[in-house]
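Here is how names work: the chains are called A, B, and so on, in the same order as the sequence lines, proteins then strands, and each is numbered from 1.
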There are 2 protein chains.
Amino acid sequence: MASLSMVSLGQNADKPPLHIAISEKLKAQIEAGRYEPGARLPSEFDLGETFGVSRTTIRRAIANLTQQGLVTTQRGKGIFVSGRQKISFSMSNPLMQFDVALREQGHMGRVQSLRFQLVDASPEVVRKLALSSQSAQVYWQEKIIYAGDCPVALEIDYFPQQLGETLAQPLQQGFTYSTLSMNGIQLNGAKVSLEGVPATYELSEYLAVPLGMPLLVFNYVAYCGDRRPTICGQTLSRSDWTCYTSEFEL
Amino acid sequence: MASLSMVSLGQNADKPPLHIAISEKLKAQIEAGRYEPGARLPSEFDLGETFGVSRTTIRRAIANLTQQGLVTTQRGKGIFVSGRQKISFSMSNPLMQFDVALREQGHMGRVQSLRFQLVDASPEVVRKLALSSQSAQVYWQEKIIYAGDCPVALEIDYFPQQLGETLAQPLQQGFTYSTLSMNGIQLNGAKVSLEGVPATYELSEYLAVPLGMPLLVFNYVAYCGDRRPTICGQTLSRSDWTCYTSEFEL
DNA sequence: TAGTGGTCTAGACCACACG
DNA sequence: GTGTGGTCTAGACCACTAC
């Protein structure tokens with residue numbers, strides 16, 4: 001039966017494994033429009049019969065597609081073709097105006113605070129915020145950013161103690177940049193970096209993605225006045241939802 | 001036997017699946033330093049005995065770690081803890097000076113040309129390079145960028161026909177920015193965006209990563225003179241090797 | 001109740017690395 | 001040859017969705 005599958009897939013038997021051959025074939029069908037975004041694929045059982053392989057192999061092939069962000073699975077329902085346009089964020093602002101960008105691009109932005117507490121600053125935060133070692137306590141905030149019903153990012157911020165106390169309530173209820181801006185704190189510069197990481201198990205639970213899915217990490221230290229570090233942190237966003245843009249003149 | 005495993009892992013049986021519990025446990029051990037970067041983990045067989053589960057489940061747990069970039073596997077050899085520092089690229093330059101950044105950070109940069117050919121420009125390239133529809137042919141280049149022996153990025157560039165013809169040889173042998181610079185073409189601006197994507201099967205082969213591993217996509221259109229679009233393209237880099245940095249003043 | 005995807009098992013065979 | 005990870009099978013049971 002295996003040999004039949006290999007023949008029917010037009011492979012010379014030994015090059016790519018069966019699960020790859022099958023996932024590539026399904027991928028081609030999806031991209032050719034045989035399955036529209038949102039459409040349901042045949043069940044694992046049916047796919048197994050179609051390709052003449054075991055359910056395990058089909059599941060491996062589907063896992064390949066999931067890892068490439070092409071399909072999502074729902075227990076009890078089926079396998080569905082995913083398709084979504086990304087939300088763009090301009091990097092030229094030191095702190096993303098997530099709420100503005102979300103609204104402009106047709107999504108209802110919302111935050112859910114996970115924690116907001118005073119902690120000892122890590123050496124890294126002490127360095128980034130240029131804290132004196134005495135006042136080495138900062139407010140540590142984690143919140144999830146939603147676009148509509150979908151969690152798109154986990155934001156982690158560190159605020160100097162006084163700032164965190166003053167703005168404790170609004171910071172837990174709203175978007176960071178807007179909250180600071182509305183309370184008279186104008187940021188005028190930032191040092192940022194952008195990298196990619198695979199979702200850990202914990203992050204995959206928060207952001208409702210499969211383990212290992214690519215996340216974008218936006219690290220920043222934002223300044224007030226004469227390059228006085230004011231807040232720092234990072235935003236981990238689902239890369240299937242987000243994109244950062246910028247322009248440069250030399 | 002399964003219940004014994006669950007007890008020994010200290011789980012209340014129903015919350016996380018076994019393969020997650022095991023991969024999280026191994027992850028904790030790795031992060032606690034029980035296994036140094038580069039060290040070999042016990043074989044799948046031994047791990048299966050240790051945790052009292054089947055090889056399939058151990059393989060699933062190892063796959064979880066692989067997807068999180070914590071370990072790599074080598075057929076016939078074993079499972080190894082990965083660990084590497086990222087190479088930083090400044091975004092402030094319109095085109096990454098990959099060679100300079102690599103050299104400064106202790107790596108030998110090298111390129112391998114995959115293709116360099118004249119093709120009909122896609123509508124997107126026509127738009128980005130502001131081509132007149134008549135001269136809608138461009139040189140399409142794809143090359144792999146190595147840091148030492150390790151492929152770290154796939155660069156895709158589109159050059160206007162005349163530029164491609166003039167610099168055909170050096171562009172295939174060297175880094176794009178340096179080549180242009182050495183031949184009197186000074187770029188002075190760029191529109192860029194940065195996103196994350198999971199590696200497709202094809203990309204995973206080029207870049208020697210598992211399918212689905214996060215890649216950073218640096219899209220750019222670079223300008224000469226008075227915002228005259230000169231080249232465009234994208235760099236897909238392994239996110240376990242690369243990081244982009246920038247600074248902003250408002 | 002029927003159908004779906006999620007988990008897990010036990011076992012087979014293969015390809016590769018190393019001694 | 002021995003040990004390793006890679007592929008694939010056949011089958012069991014569970015949890016969830018829908019009717």
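The aromatic rings of Phe98(B) and Phe89(B) sit tilted relative to each other, their planes meeting at an angle between 30° and 60°.
Within 4.0 Å (heavy atoms only), Ile62(B) reaches no atom of the nucleic acid at all. Using a 4.0 Å heavy-atom criterion, one finds that Thr56(B) contacts the bases of the nucleic acid, with or without backbone contacts as well. Using a 4.0 Å heavy-atom criterion, one finds that Arg59(A) contacts the bases of the nucleic acid, with or without backbone contacts as well.
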Listing time: all N or O pairs from protein to nucleotides 16-19 of chain C that are below 3.5 Å?
from	atom 1	to	atom 2	distance (Å)
dC18(C)	OP1	Lys77(B)	NZ	3.3

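For the pair Leu18(B) CG and dC13(D) C1', the computed distance is 14 Å after rounding to whole Å. A straight line from CD1 of Ile20(B) to C1' of dC8(C) spans 14 Å, rounded to a whole angstrom. Note: CZ (Phe80(B)) to P (dG3(D)) measures 17 Å, nearest angstrom. Residue His19(B) contributes atom NE2, which lies 10 Å from atom P of dG6(C) at whole-angstrom precision. Taking atom CD of Glu49(B) as the reference point, atom P of dT9(C) lies 13 Å away to the nearest angstrom. Arg40(A) places its CZ atom 7 Å from the C1' atom of dT4(C), with the value rounded to the nearest Å. Put simply, CD1 on Ile58(B) is 14 Å from C1' on dT7(C), counting in whole angstrom units. Rounded to an integer number of Å, the gap from CD of Glu44(A) to P of dT7(C) is 11 Å.
Using a 4.5 Å cut-off on side-chain heavy atoms (C-beta onward), Leu215(A) and Leu207(A) make contact.
Among the nucleotides dG5(C), dC8(D), dG5(D), the one closest to any side-chain atom of Ile79(B) is dG5(D).
Within residues 201-214 of chain A, no residue approaches DNA chain D, by heavy-atom distance under 4.0 Å. Of the residues in residues 64-74 of chain B, those lying under 4.0 Å from DNA chain D by heavy-atom distance are Thr73(B), Gln74(B).
Contact between the side-chain N/O atoms of Thr57(B) and the OP1/OP2 oxygens of dC8(C) is not found at any separation under 4.0 Å. Between Ser54(A) and dG11(D), a side-chain N or O to OP1/OP2 separation shorter than 4.0 Å is absent.
Listed by first and then second residue, the salt bridge (charged side-chain N to carboxylate O under 4.0 Å, His left out) pairs that reach into residues 48-60 of chain A are Glu44(A)-Arg55(A), Glu44(A)-Arg59(A), sequence neighbours excluded. Screening residues 64-85 of chain B for side-chain hydrogen bond (donor to acceptor under 3.5 Å, both in side chains) gives Ser23(B)-Asn64(B) as the qualifying pairs, with residues at least two apart or on separate chains.
Side-chain polar atoms of Gln112(B) and Tyr146(B) form a donor-acceptor pair below 3.5 angstrom. Donor-acceptor pairing under 3.5 Å is lacking for the side chains of Thr245(A) and Ser193(B). If you check the side chains of Tyr244(A) and Glu195(B), you find no donor sitting under 3.5 Å from an acceptor.
Residues passing the side chain to side chain contact (heavy atoms under 4.5 Å, CB included) test with Arg115(B), sequence neighbours excluded: Gln117(B), Trp140(B), Glu142(B).
Environment of CD in Glu202(B): sparse, with no more than 12 heavy atoms of neighbouring residues, nucleotides or ligands closer than 6.0 Å.
Arg55(A) contributes a side-chain N or O that forms a donor-acceptor pair with the base of dG6(C) under 3.5 Å.
With Ile145(B) as reference, Leu102(B) is the one residue of Leu102(B), Leu154(B), Thr176(B) to meet the side-chain contact (heavy atoms from CB on, under 4.5 Å) rule.
Ring to ring, Tyr139(A) and Tyr158(A) are not that close: their centroids are 6.0 angstrom or more apart.
One N or O on the side chain of Gln141(B) and one on the backbone of Leu171(B) form a donor-acceptor pair closer than 3.5 Å.
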